[in-house]
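Just so it is clear, the model here is predicted, and its values are computed rather than measured.
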Amino acid sequence: MFKNYFLVAVRTLRRNLGYTMLNVIGLALGITCSLLLYLVIRHELSYDTFHSKADRIYRINVDKLTANGPETNAGTPFPMLATIKASLPELSPATHLYNTEGGTFTVLSNNDKVPAKKFREEKNVLFVEPAFFDLFDFPTGSVNARQALKDVNTVLLTQSIANRYFPGENPVGKVLRMDNVVNLKVTGVIPDAPENTDLPYLMLIDYESSKKINTFMNDSWNSTNSNQQVYFAMSPGSSLKQAEDRLNQITSKYRRISPGEKERYIFQPLLQMHFDDEYGTLSSRTISKTTLWALGLIGMFLVLVASINFVNLATAQALRRSKEVGMRKVLGASKPQLMTQFLCETGLITLVALLLSVVFAELLLPFLNQLLELQISFSILHDPQMLLFLLAVLVAVTFFAGFYPALVISGFQPISALKSKVATARVAGLSLRRTLVVVQFTICQVLIICTIIVHNQMEYFRSASLGFDKEAIVNIPVPAGKAGDLMALRPQLESHSAVKSTSFAIAPPSANIDMNSSFQYDDFSVDRNFSVNLKLADENYLKTFSIPLLAGRMYEKSDTMQEFVVNETFLQKVGVKDPQEAIGKKLLVNGGQNEGKIVGVVKNYHLSSLRNEIPPVVMSTMTQVYFYLNAKIEQKNAKAALAHLQNVWLTAYPDDVFYYEFFDDSIARFYEEEQRQAHLFKVFSFIAIVIGCLGLYGLVSFMVAQRTKEVGVRKVLGASSASIVGLFSADFVKLVLIAFVIAGPISYYFMDKWLQDFSYRINIGYWVFLAAGALTLLIALTTVSVQALRAAFSNPVRALKTE
């Protein structure tokens, strides 16, 4: 019997090739998108799940509440690990991890005639303890990693780094010199870190060596660094809440915090780190669970839209197959048999679309990987999860898309079917097909509205005034503690006509480098319950970044803190309305170590992304912590300017590697995740529109077939082609309006919640909704008109002969 169903299905589909192609293309597009989104979601959910203790591993973070608002950090005081081992044995194994921002590595050679090779890494250089390998199950190949890093000044290289530093050689036993400070012996080569981890690494160095690289590491409970983190595994059966409370009781005895502030250390599950950008990860790549849900819903919606197309096209074809159904019923076919036959046809179409979607996914996956900066791959034959997903899609789409058309067609009365006089099914007085098209329009308009709002927010990020000039400015790292060597060469740096200005600072204006400090203002009689952000930079900082002064002057040149410049937010916090009033007031910062006078007030400028409010800022000088040279250059002569800067830089640091980055590129990284979302919305909105157009074509085909004789009568009575097109279009204007009324509130609710993540955001204007509605209406009318014009230009004589 099923063989007969299969043969009949194949013949029917071949006979109605146009109908078959529309269904296959629509379903293939929807399934392809759902398949790609499934791969992305599965990849994001797989982060760090390969560790055997993954469900018991936690990171210690800190939440602070200050007058500036909540502050979060993944850094811990340096003595905390020792306290955990002594007082909280249930947190075991526990380990330190220090992530350096990068470094210069020199391959030392025993042959003086061979020039030393130098490399610079900007991230993912980790200092770890042997206990790191008791906690995490990163692949180490044949290397006993715990033993390999038990000694000081040792390093494990990943395979990719080993190939780059020592091509064609065995690096084991060779020596690398890091930042011209410490020599590291290579004790092994391990596989590259998995792509789906929030603890990526290029090399692993013994933890004790970090104390030679980072001069700020000390044993003070009041000294923290966001790169210094503690991870542990919770012993089975232990109470997480009790352990967290005990840790906070212990730390409260040692930690000094400002009056009015609150601080609590919390345990964050390793498996939640990837979905929470509040504390950040070493990979600097997170995605919210909300975004994953949104991607999953988009995938479901696109399959739903494609299935709706099938329903519309199938019911449009039902009228043409009414005689076939009537004949089968007269010959004894039962309703279940007819439903099975039509479900087989649907299953065959879905199977073809599914196979085609797998091919499409293979072809499109490299572009998706490039867009999202991922390395996703899949192999159906060796991926049981993928096979299960595709099987679920096949069954779900076959049932959803095929059940209603099969029910309608199998329910035709034999006599009416043989006379081609069948009535269309109605639900609650409304055509189900029209209801489904309203759903399509609603989904399309929601995606269009979301795309417009996300795009506008991205444009706002690019065009919003940040309070400083970011164009044609180059950020050049300088070795820690050695900025003075290059500062002495400032006349040479600025001697080239393409270099307009230079400045040395702890960081450019917008950067994820913060130094927070308690302070006292004026007569020092009031303890403030908020901290200030110390921005340490030289006297050329405001000039280089074109940051305007509101009052006073810039501080004078100095190696240490002598004078201060504050921003508008600082004045608001201390209750000063006139900037001139602050000039000459005394200020004590940095734990009381530095005292001076306020000599200037600058206009507010952003210290990080537009997600965050501008904090109170105190600017001053301190050569010791200048980590960047910032140079304003002429864009049209950038190549010559960079070559000049490199020559002077290498004069100061001949043993290091020159590296630079344009400032606007570093700012753009703040919004990489939002930019990826914007691209995805654009792509999937376009696909939804394409699929929706196929659905409209199906419904208009149904309406034209149903009203063929009516069109003929109207033409005989003198109706114009335009009036006939309007006859069909009027119904769809109503559908677009209904969808508009539904899509507007839904879009506003979700996008308003999305925008709340940003302190600086666009306003959602009514024009966004009108533009989306008008665009949808235009697309709908264009699609409808194509089919309606065919009916309008058809021969009325043939139409009147139609039964």
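When atom types are taken as modelled, the side chain of Y653 and the backbone of D485 share no donor-acceptor pair closer than 3.5 angstrom. A donor-acceptor contact shorter than 3.5 Å links the side chain of N567 to the backbone of V617. Put simply, the side chain of K117 gets close to the backbone of Y165: a donor and an acceptor are under 3.5 Å apart. Distance alone, capped at 3.5 Å, is enough to place a donor-acceptor pair between the N163 side chain and the Q159 backbone. Looking only at distances, a side-chain donor or acceptor of D48 sits under 3.5 Å from a matching main-chain atom of D198. In this structure a side-chain-to-backbone donor-acceptor pair under 3.5 Å is missing from D179 to V181. Using modelled atom types, one side-chain atom of E563 and one backbone atom of E556 make a donor-acceptor pair closer than 3.5 Å. Checked by atom type and distance alone, the side chain of K535 pairs as donor or acceptor with a backbone atom of P508 at under 3.5 Å. In terms of modelled atom types and a separation under 3.5 Å, the side chain of T197 and the main chain of P200 share no donor-acceptor contact. Of the possible donor and acceptor atoms, one in the side chain of N369 sits under 3.5 Å from a partner among the backbone N and O of I376.
Distance CG/L371 to CG/L365: 11.5 Å, rounded to 0.5 Å. To the nearest 0.5 Å, atom CE of residue M561 and atom CE of residue M622 are 3.5 Å apart. For the atom pair CZ (F367) and CG (L372), the distance works out to 13.5 Å, reported to the nearest 0.5 Å. A distance of 8.5 Å separates CG in D655 from CZ in R177, rounded to the nearest 0.5 Å. Note: N594 CG to L534 CG = 8.5 Å, rounded to the nearest 0.5 Å. Considering OH of Y58 and CG of L270, their distance stands at 10.0 Å, rounded to 0.5 Å.
Smallest separation of non-hydrogen atoms from P139 and D192: CG-O, 4.2 Å. Across H606 and S510, no two heavy atoms sit closer than the pair O-OG, 2.8 Å. In this structure, G467 and I547 approach most closely via the heavy-atom pair O-CG1, 3.8 Å. The shortest non-hydrogen separation linking T158 to A193 is CG2-N, 4.5 Å. The minimum heavy-atom distance linking M619 with Y605 is given by the pair SD-OH, 3.5 Å. The two residues Y541 and A537 have their closest heavy-atom pair at CD1-CB, 3.3 Å.
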Run the side chain to side chain contact (heavy atoms under 4.5 Å, CB included) test on L204 and F138 for me, step by step, so that the C-alpha distance in whole Å, both residues' side-chain angles and the decisive distance to 0.1 Å come before the verdict. CA-CA 12 Å; L204 299 174; F138 288 109; over 6 Å; no
CA sep, side-chain torsions, deciding dist, call: V474, F663, side chain to side chain contact (heavy atoms under 4.5 Å, CB included): CA-CA 6 Å; V474 181; F663 188 28; over 6 Å; no
Please determine whether side chain to side chain contact (heavy atoms under 4.5 Å, CB included) holds for the pair V107 and F166, giving the CA-CA distance in whole Å, both sets of side-chain angles, and the decisive distance to 0.1 Å. CA-CA 8 Å; V107 178; F166 303 95; 3.4 Å; yes
Given D469 and K632, is the salt bridge (charged side-chain N to carboxylate O under 4.0 Å, His left out) satisfied, shown in steps? CA-CA 9 Å; D469 180 14; K632 177 75 173 178; 2.5 Å; yes
Under the side chain to side chain contact (heavy atoms under 4.5 Å, CB included) criterion, do V230 and H96 qualify, and how do the steps go? CA-CA 5 Å; V230 170; H96 273 138; 3.7 Å; yes
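Ring centroids of Y47 and F275 are separated by 6.0 Å or more, keeping the two rings apart. Centroid-to-centroid, the aromatic rings of F132 and Y207 stay 6.0 Å apart or farther.
Within the 4.5 Å cutoff, no side-chain heavy atoms of L126 are placed close to those of Y98. Put simply, the side chain of L493 reaches to within 4.5 Å of the side chain of L486, judged on heavy atoms. Residues N99 and Y201 have side chains not in contact (no heavy-atom distance under 4.5 Å, counting atoms from C-beta outward). At least one side-chain heavy atom of F519 sits under 4.5 Å from a side-chain heavy atom of V532. Y628 places none of its side-chain heavy atoms less than 4.5 Å from the side chain of I506. N630 places a side-chain heavy atom less than 4.5 Å from the side chain of F545. Contact check for I633 versus H496: no side-chain heavy atoms found under the 4.5 Å cut-off. I473 places none of its side-chain heavy atoms less than 4.5 Å from the side chain of F662.
Under a 4.0 Å N-O distance rule, the pair E121/K123 does not qualify as a salt bridge. Ion pairing between a basic and an acidic side chain is recognised when a charged N comes within 4.0 Å of a carboxylate O; D538 and R490 show such pairing. A salt bridge links K174 to E169: at least one charged side-chain nitrogen sits closer than 4.0 Å to a carboxylate oxygen. Salt bridge K500/E634: absent, no basic N to carboxylate O contact under 4.0 Å.
Inspection of the N180 and D656 side chains reveals an N or O donor paired with an N or O acceptor under 3.5 Å. Remark: the H43 side chain and the Q375 side chain contain no N/O donor-acceptor pair separated by less than 3.5 Å. There is a side-chain donor-acceptor pair under 3.5 Å between D206 and S209. Between the side chains of Q562 and T560, a donor-acceptor pair is found at a separation under 3.5 Å. Under 3.5 Å, the side chains of Q229 and Y231 contain a donor-acceptor pair of N or O atoms. Under the 3.5 Å distance criterion, with hydrogens and angles disregarded, no donor-acceptor pair is assigned to the side chains of S503 and N540. Between the side chains of N647 and H644, no donor-acceptor pair is found at a separation under 3.5 Å.
Annotation for K185: atom NZ does not count as buried by contact number, only 12 or fewer foreign heavy atoms lying within 6.0 Å. Few gaps surround CZ on F50; more than 12 heavy atoms of other groups in view lie less than 6.0 Å from it. At most 12 non-hydrogen atoms from other residues, nucleotides or ligands lie less than 6.0 angstrom from OH of Y254.
A parallel orientation is assigned to the rings of Y626 and F504, their planes being inclined by less than 30° (bins at 30° and 60°).
Applying the salt bridge (charged side-chain N to carboxylate O under 4.0 Å, His left out) test to pairs two or more places apart or on separate chains, those with a residue in residues 126-141 are D134-R146.
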